[in-house]
K.L.:
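Next up is a structure, given as structure tokens.
All residue numbers refer to positions in the sequence shown, counting from 1.
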Amino acid sequence: MNKKENYCSKEHLMFLKSQRRNKLKIVFWRISAFLIFLILWELAARYKFIDSFLVSSPSRVLKTLINLNNNGEFWSNILVTVIETTIGFIFGTILGVLISIILWWFDTVEKISEPYLIILNALPKVALGPIIIVWMGSGTGAIITMSLLISVVVTVINILSGFKNVDENKLLLMRSFGASKFQILQKIILPTNFSNIISTLKINVGMSLIGVITGEFLVATKGIGYLIIYGGQVFKLDLVVTGIFILAVIASLIYIAVAKLESYFTKFRK
């Protein structure tokens with residue numbers, strides 16, 4: 001029992017224990033569901049219910065992972081994708097927040113740019129691939145640019161929407177006391193949108209990874225996207241499934257890191 005619990009009532013202690021049990025139960029069933037899926041997948045492949053050449057199997061994925069590690073291709077490819085995703089994620093988020101603040105600050109500019117943001121969001125970014133390659137070259141710059149294009153627009157749309165949906169009564173109250181636009185931003189807009197910004201960060205994890213993999217499909221000679229596209233070209237579908245599995249792990253770890261960051265800032269705000 002920690003120090004905080006010494007000052008709690010019995011009812012509150014029971015509630016805390018119940019919350020812990022529920023969390024453990026959820027973790028247990030999450031892990032169990034994943035393990036059951038792997039077992040059923042392996043059994044279906046072994047007993048020929050599915051074609052293991054087309055959909056692979058957990059044992060074949062494990063074998064591919066071991067081969068990649070032995071060939072020295074495992075960590076080098078993961079590192080390339082993680083670095084590119086992290087750069088795209090960080091810069092995409094920072095740029096998105098800054099652009100959102102600028103558009104909120106200048107109402108006329110926001111109204112002018114609104115249809116263009118919607119068009120950019122709907123536009124398939126892979127269609128811009130050839131132009132990006134010509135502009136940035138066939139290297140890391142093109143991949144990160146692709147990631148930025150995908151993540152920045154989503155960030156701006158989500159965060160700007162949150163800025164615009166702040167309670168008008170709070171804004172009127174601040175203005176009635178003579179608050180400047182910067183003070184309204186600092187005291188009302190940003191604090192009110194804390195959870196919205198964190199949610200956008202979580203979305204950006206996936207968006208940045210999608211951008212990086214799309215870029216790697218087009219120009220890379222290293223990275224998980226390269227392994228997937230190469231595996232598809234030479235019909236090594238075990239390599240494709242292994243690449244997808246690695247991407248799922250990377251996305252999960254980055255998501256967990258963002259969730260930890262959320263917990264830290266939530267405690268800090270309290």
Side-chain angles (χ1 to χ4, degrees), residues 3-4 7-8 12 15-16 19 22-23 26 85-123 125 144-212 251-270:
K3 289 181 180 179
K4 285 184 180 179
Y7 301 99
C8 295
H12 189 59
F15 172 75
L16 290 174
Q19 290 289 94
N22 286 336
K23 285 181 181 177
I26 289 167
T85 302
T86 304
I87 293 171
F89 172 71
I90 291 170
F91 282 96
T93 301
I94 292 171
L95 278 173
V97 172
L98 288 176
I99 293 169
S100 299
I101 291 171
I102 291 167
L103 293 177
W104 171 83
W105 195 286
F106 301 102
D107 188 57
T108 304
V109 177
E110 186 271 322
K111 287 176 181 174
I112 293 168
S113 63
E114 184 179 6
Y116 298 104
L117 285 172
I118 293 168
I119 292 166
L120 279 173
N121 188 47
L123 185 69
K125 308 305 180 292
I144 292 173
T145 303
M146 181 70 75
S147 177
L148 283 173
L149 276 175
I150 291 175
S151 61
V152 165
V153 178
V154 172
T155 302
V156 171
I157 290 172
N158 285 345
I159 293 181
L160 186 59
S161 175
F163 285 0
K164 289 164 68 177
N165 288 329
V166 171
D167 188 352
E168 190 64 32
N169 291 324
K170 292 180 180 178
L171 300 178
L172 287 172
L173 181 63
M174 288 289 287
R175 291 188 189 111
S176 68
F177 282 108
S180 66
K181 201 147 191 175
F182 179 76
Q183 287 173 323
I184 292 173
L185 176 70
Q186 184 185 22
K187 302 294 184 182
I188 298 291
I189 300 297
L190 291 177
T192 303
N193 279 276
F194 173 77
S195 59
N196 181 42
I197 292 170
I198 293 296
S199 297
T200 304
L201 286 179
K202 291 175 180 178
I203 294 169
N204 256 359
V205 171
M207 293 296 101
S208 300
L209 196 54
I210 288 168
V212 166
S252 300
L253 292 175
I254 298 175
Y255 181 88
I256 289 168
V258 173
K260 292 288 182 186
L261 191 67
E262 178 185 12
S263 300
Y264 171 77
F265 278 115
T266 302
K267 288 178 183 176
F268 180 75
R269 288 180 76 208
K270 290 178 180 178

K.L.:
Does any part of the side chain of S113, heavy atoms only, come nearer than 4.5 Å to the side chain of L103, both counted from C-beta?
P.N.:
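Yes, close enough: below the 4.5 Å cut-off.
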K.L.:
Does N196 use its side chain to pair, donor to acceptor, with the backbone of N158 at less than 3.5 Å?
P.N.:
yes
K.L.:
Taking all non-hydrogen atoms of both residues into account, name the closest pair between T155 and T93 and its distance.
P.N.:
CG2-O, 4.1 Å
K.L.:
What is the distance from atom OG1 of T108 to atom CD of E110, rounded to the nearest 0.5 Å?
P.N.:
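Result: 9.5 Å between the selected atoms.
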K.L.:
Rounded to the nearest 0.5 Å, how far apart are CD1 of I99 and CG of L95?
P.N.:
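Rounded to the nearest 0.5 Å, the CD1-CG separation comes to 5.5 Å.
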K.L.:
Find out whether I159 and N193 are in side-chain contact, i.e. whether some heavy atom of one side chain is under 4.5 Å from a heavy atom of the other.
P.N.:
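They are not in side-chain contact.
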K.L.:
Could you check if a side-chain atom of L149 sits within less than 4.5 angstrom of a side-chain atom of V153, using non-hydrogen atoms only?
P.N.:
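Side-chain contact under 4.5 Å: no.
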K.L.:
How many angstroms lie between CD1 in I101 and CZ in F106, if you round to the nearest 0.5 Å?
P.N.:
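Spacing of CD1 (I101) from CZ (F106) equals 12.0 Å.
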K.L.:
So how far is it from I256 CD1 to K202 NZ, rounded to the nearest 0.5 Å?
P.N.:
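Between I256 CD1 and K202 NZ, I get 11.5 Å after rounding to 0.5 Å.
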K.L.:
Compare every heavy atom of V154 with every heavy atom of I150, then report the nearest pair and how far apart it is.
P.N.:
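Taking I150 first and V154 second, the nearest heavy atoms are O-CG2, 3.4 Å.
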K.L.:
Could you pull out the closest heavy-atom pair between Q183 and M174, with the gap in Å?
P.N.:
O-CE, 4.0 Å
K.L.:
Got a sec: does the NZ of K187 have more than 12 other heavy atoms crowding it under 6.0 Å?
P.N.:
no
K.L.:
Tell me if a side-chain donor or acceptor on S208 pairs with a main-chain N or O of N204 at a distance below 3.5 Å.
P.N.:
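Yes, because the side chain of S208 sits within donor-acceptor range (under 3.5 Å) of the backbone of N204.
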K.L.:
Below 30° counts as parallel, above 60° as perpendicular, anything between as tilted: where do the rings of W104 and F163 land?
P.N.:
perpendicular
K.L.:
Any donor-acceptor pair under 3.5 Å linking the side chain of N165 with the backbone of S161?
P.N.:
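Yes; at least one donor-acceptor contact below 3.5 Å.
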K.L.:
Is the closest side-chain heavy-atom distance between L171 and I184 below 4.5 Å?
P.N.:
yes
K.L.:
May I ask you to decide if K111's main-chain N or O and E114's side chain share a donor-acceptor pair within less than 3.5 Å?
P.N.:
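Looks like no, no N/O pair under 3.5 Å.
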K.L.:
Measure the CD1-CD1 distance between I118 and I157 for me, rounded to the nearest 0.5 Å.
P.N.:
7.0 Å
K.L.:
Evaluate V152 against V156 for side chain to side chain contact (heavy atoms under 4.5 Å, CB included), listing each step before the verdict.
P.N.:
CA-CA 6 Å; V152 165; V156 171; 4.2 Å; yes
K.L.:
How many angstroms lie between OG in S151 and CD1 in I144, if you round to the nearest 0.5 Å?
P.N.:
11.0 Å
K.L.:
Surrounding NZ of K181 (heavy atoms of other residues, nucleotides or ligands, distance under 6.0 Å), is the total greater than 12?
P.N.:
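Enclosed.
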K.L.:
If we only count heavy atoms from C-beta on, is the L201 to F89 side-chain gap below 4.5 Å?
P.N.:
yes
